[in-house]
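Below is one structure, written out as structure tokens; the observations come after it.
Proteins get letters first, then strands, A, B, ... in listed order; numbering begins at 1 in each. Values below: all heavy atoms of this structure, side chains included; hydrogens, waters and symmetry mates excluded.
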Amino acid sequence: MIDIKQLRNNPDIYKDNARKKGVEVDVDQLLGFDKELQELRSQVDEKRRQINEHADNFKQTQGTTSPENNEKGRALKKEKGDLEHKLKSVQLQFDELIKKVPNLRWQDVPDGTSEADNINSAPVIQPRTFDFEPKNHWQIAQQRMWIDKERAAKVSGSRFAYIKGDLVKLQLAIVQFTMNVLSNEEVLKKIIKDNSLSIDSTPFTPVLPPLMLKEFVYDEMDRLEPRDDRYQVGEEKDHLWLQGSAEHVVGSMHRQEKFNEADLPIRYIAYATSFRREAGTYGKDTEGIFRMHQFDKLEMEVLSVQESGIEEHKFLIAIQEYLMQQLDLPYRVVTKCAADIGKPNARGIDIEAWLPGQDKYRETHTADYMTDYQARRLKTRVRRSTENDSKVELVHTNDATAFALGRTMIAIIENYQTANGGVRIPEVLRPYMGNREVL
RNA sequence: GGAGAGGUGGCCGAGUGGUUGAAGGCGCACGCUUGGAAAGCGUGUAUGCGGAGCAAUCCGUAUCGAGGGUUCAAAUCCCUCUCUCUCCGCCA
């Protein structure tokens with residue numbers, strides 16, 4: 001959620017921002033509700049003052065009072081009740097509307113009307129040339145019996161799969177490799193230095209989060225919508241939702257908490273299964289395991305003070321690139337335009353891996369910088385102390401993919417394939433696979 | 001699923017109707033003391049909203065898990081929900 005005070009002072013900036021993001025929201029109506037709320041609140045406060053003053057009159061007499069006095073107190077309370085009732089109904093309308101106002105985009109986010117306006121970097125690692133016709137991951141995996149979608153369809157339906165054999169070992173190797181990189185402060189220091197960042201090198205804490213979350217928490221994260229893409233569990237009884245990304249359960253983990261400045265940044269690397277209905281993607285990416293209802297992911301989440309938010313964002317992108325370079329996978333970096341970064345985002349970057357079997361770049365990573373947008377409703381705050389002053393402010397949140405395991409394995413299979421249908425193992429993963437060289 | 005105990009400030013913990021935004025302690029900050037430090041002593045130490053002021057600050061209001069109720073008055077009484085813990089049962 002945005003800061004209403006900021007919007008009061010700069011309504012045009014918010015209007016322009018919403019337009020650029022392609023979000024429709026009536027800012028003037030919101031300001032109207034805001035004004036009404038302020039008036040009602042001061043009326044309620046005044047009424048409460050009168051009630052308190054009236055009650056204070058009995059303190060001396062220790063409860064000795066008269067019917068007339070009781071009558072007056074009751075009348076005041078009735079008036080307060082009426083005002084509060086009005087306040088509540090305006091508040092509800094205000095709350096609904098303010099949630100629709102998108103976060104301000106960062107200064108350097110390019111304009112654009114759709115993902116077609118995103119800006120692609122030149123390849124950072126060049127696609128390799130093959131002296132044979134490269135197959136796609138599905139052809140290879142099927143032949144090697146690594147993926148079984150037919151049986152998964154019998155049991156669970158479309159867009160589910162059994163992952164088997166060496167592909168499982170490969171996934172676990174990537175998980176271990178990544179966990180080791182992100183909890184190694186020396187590596188992080190090097191990445192910080194190489195990218196001329198000036199942030200602290202606190203290592204990432206590995207996390208296995210719960211996969212279900214409460215509806216109102218999901219809403220506070222501003223990730224519940226579109227609900228069509230979410231799975232609800234125990235609709236009547238539990239009101240729980242399956243997370244669509246570890247960000248949803250890790251970013252919300254410190255809701256209603258107040259940190260000391262020295263506690264930040266807090267960095268997590270979560271390993272979790274994500275669930276998505278993939279509504280509206282019928283017939284898209286049906287081959288293989290590119291787009292599944294369920295997929296495993298390594299996800300980074302960072303809570304920081306506001307001044308280092310943007311550097312944390314750049315740090316996460318640098319880590320993503322480092323990881324891709326370690327696996328030696330061809331990729332490019334995509335700077336997403338205003339229309340494509342999403343409502344809660346201030347800035348968004350994707351990484352796309354080259355898939356020779358599809359002859360295309362495809363998204364494997366995303367990095368989202370939310371400034372204080374998520375933290376405001378979550379009430380995740382930090383106490384900051386200076387000389388003789390201490391204030392509490394909202395933390396800034398960042399999340400970014402370390403590896404989406406399914407897609408990463410697709411990229412490995414397709415880029416590391418050999419003419420005879422084999423797949424070499426990226427060097428850094430070999431120690432985690434018994435030092436084997438091929439799958 | 002059954003039975004019980006709890007949720008108070010950064011932390012611990014007192015508090016069964018008005019003098020409690022909340023005792024006491026710890027922690028933290030500043031000052032005194034010291035060659036310096038520790039100990040000791042003193043002072044201060046929540047946040048949201050609205051208002052006044054250049055400002056330090058002051059005024060009003062709300063907040064003791066959440067919501068509702070009783071009362072002139074609720075951290076304190078009643079109801080509902082929620083979370084944590086203990087014991088039993090079931091179970092990976």
Side-chain angles (χ1 to χ4, degrees), chain A residues 1-9 30-95 98 208-220 233-241 249 252-264 266 273 303 305-306 372-373 375-395:
Chain A
M1 185 171 78
I2 55 103
D3 181 357
I4 186 64
K5 284 185 190 162
Q6 295 284 327
L7 184 139
R8 263 178 220 152
N9 298 333
L30 182 66
L31 286 167
F33 288 145
D34 179 48
K35 191 144 183 269
E36 218 177 322
L37 273 183
Q38 290 192 56
E39 278 161 18
L40 282 166
R41 272 197 281 255
S42 69
Q43 286 172 29
V44 169
D45 276 0
E46 171 57 19
K47 203 50 79 180
R48 283 173 175 154
R49 193 195 60 76
Q50 289 173 15
I51 289 172
N52 289 340
E53 187 183 59
H54 182 68
D56 278 348
N57 292 336
F58 303 105
K59 280 181 188 168
Q60 281 72 26
T61 59
Q62 286 297 313
T64 318
T65 178
S66 66
E68 294 77 44
N69 278 329
N70 290 349
E71 198 46 55
K72 186 178 172 207
R74 272 196 288 269
L76 284 170
K77 200 167 69 169
K78 167 83 170 52
E79 291 166 30
K80 187 192 77 165
D82 291 346
L83 285 168
E84 279 174 339
H85 185 74
K86 249 191 255 175
L87 177 75
K88 202 169 178 179
S89 89
V90 179
Q91 184 77 55
L92 283 174
Q93 299 177 74
F94 174 85
D95 290 347
I98 194 170
L208 297 174
L211 304 184
M212 299 179 213
L213 71 162
K214 296 173 186 177
E215 181 164 312
F216 73 89
V217 175
Y218 219 155
D219 191 41
E220 284 177 352
V233 179
E235 220 161 312
E236 289 304 312
K237 211 176 162 194
D238 302 311
H239 304 288
L240 288 172
W241 293 74
V249 277
S252 52
M253 140 184 202
H254 294 287
R255 66 180 293 275
Q256 303 274 1
E257 289 184 31
K258 217 182 285 174
F259 292 107
N260 291 317
E261 187 167 351
D263 299 334
L264 300 181
I266 289 184
T273 305
L303 308 180
V305 294
Q306 47 106 7
D372 60 6
Y373 193 86
R376 182 161 291 106
R377 286 184 68 203
L378 290 167
K379 292 200 172 69
T380 307
R381 291 160 300 176
V382 53
R383 178 188 309 281
R384 311 198 63 179
S385 305
T386 50
E387 272 303 303
N388 37 22
D389 193 29
S390 129
K391 58 181 177 170
V392 174
E393 58 185 42
L394 295 166
V395 303

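Figure legend. B:rC32 is base-paired to B:rG40; pairs are counted as Watson-Crick or G-U wobble with both atom distances under 3.5 Å. Pairing for B:rA66 is with B:rU80, a Watson-Crick or G-U wobble pair whose two hydrogen-bonding atom distances lie under 3.5 Å. If you check B:rG50 for Watson-Crick or wobble pairing at under 3.5 angstrom, you find it paired to B:rC59. The partner of B:rG89 is absent, by the rule that a Watson-Crick or G-U pair needs both atom distances under 3.5 Å. Base pairing annotation: B:rC72 forms a Watson-Crick or G-U wobble pair with B:rG18, both donor-acceptor distances under 3.5 Å. Nucleotide B:rG27 forms a Watson-Crick or G-U wobble pair with B:rU45, both donor-acceptor distances falling under 3.5 Å.
The A:Ala55 side chain lies nearest to B:rC72 when the options are B:rC49, B:rC72, B:rU47. Here B:rA73 is the nucleotide among B:rU47, B:rA73, B:rG50 with the atom lying nearest to any side-chain atom of A:Lys77. When distances run from any side-chain atom of A:Lys214 to the nucleotides B:rC49, B:rU47, B:rC83, the shortest one goes to B:rC83. Proximity note for A:Lys258 (side chain, C-beta onward) versus B:rA73, B:rG50, B:rA46: the nearest is B:rA46. Of the candidate nucleotides B:rU61, B:rG50, B:rU71, B:rG50 has the atom lying nearest to any side-chain atom of A:Gln38. When each of B:rA46, B:rC72, B:rU61 is scored by its nearest atom to the side-chain atoms of A:Asp45, the top-ranked nucleotide is B:rU61. Comparing B:rU61, B:rA73, B:rU47 by their nearest atom to the side chain of A:Val392 picks out B:rU47. Each of B:rA73, B:rG50, B:rA62 was ranked by its minimum atom distance to the side chain of A:Ile51; first place goes to B:rA73. Listed nucleotides: B:rU47, B:rC72, B:rU61. Nearest to the side chain of A:Arg49: B:rU61. Each of B:rU71, B:rG10, B:rU61 was ranked by its minimum atom distance to the side chain of A:Asn52; first place goes to B:rU61.
A donor atom on one side chain and an acceptor atom on the other are not found under 3.5 Å apart for A:Asn57 and A:Glu53.
Residue contacts shown for A:Asn260 are absent, as no nucleic acid heavy atom lies under 4.0 Å away. The residue A:Arg255 sits apart from the nucleic acid: no heavy atom pair falls under 4.0 Å. Counting non-hydrogen atoms under 4.0 angstrom, A:Lys379 reaches nothing in the nucleic acid. The residue A:Lys35 sits apart from the nucleic acid: no heavy atom pair falls under 4.0 Å.
Between the CD atom of A:Glu39 and the P atom of B:rC49 there is a distance of 18 Å, rounded to whole Å. The CG atom of A:Asp263 sits 14 Å away from the P atom of B:rC28 (whole-angstrom rounding). Atom CD in A:Gln91 sits roughly 17 Å away from atom P in B:rA62 (whole-Å rounding). Between the P atom of B:rU19 and the CG atom of A:Asn57 lies a distance of 14 Å, rounded to the nearest Å.
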- Task: Start with the C-alpha distance between A:Trp241 and A:Met212, add both sets of side-chain angles, then the distance that settles side chain to side chain contact (heavy atoms under 4.5 Å, CB included), and finish with yes or no.
- Result: CA-CA 5 Å; A:Trp241 293 74; A:Met212 299 179 213; over 6 Å; no
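Inter-residue side-chain proximity for A:Val392 and A:Val382 is flagged as unmet; no heavy-atom pair is nearer than 4.5 Å. The shortest distance between side-chain heavy atoms of A:Leu40 and A:Gln91 does not fall below 4.5 Å. The side-chain heavy atoms of A:Ile51 and A:Lys80, taken from C-beta on, include a pair separated by under 4.5 Å. Residues A:Leu7 and A:Leu30 have side chains in contact (heavy-atom distance under 4.5 Å, counting atoms from C-beta outward). When side chains are defined from C-beta on, A:Lys35 counts as touching A:Glu39, because their heavy atoms get closer than 4.5 Å.
Annotation: B:rC28 and B:rU80 have their C1' atoms spaced 40 Å apart (nearest Å).
The phosphate of B:rU47 (OP1 or OP2) has a side-chain N or O of A:Arg383 nearer than 4.0 angstrom. A:Arg376 has no side-chain polar atom (N or O) that falls below the 4.0 Å cut-off from OP1 or OP2 of B:rG48. The side chain of A:Arg74 contributes an N or O atom lying less than 4.0 Å from OP1 or OP2 of B:rC72. The side chain of A:Arg381 places no N or O atom within less than 4.0 Å of a non-bridging phosphate oxygen (OP1 or OP2) of B:rU47.
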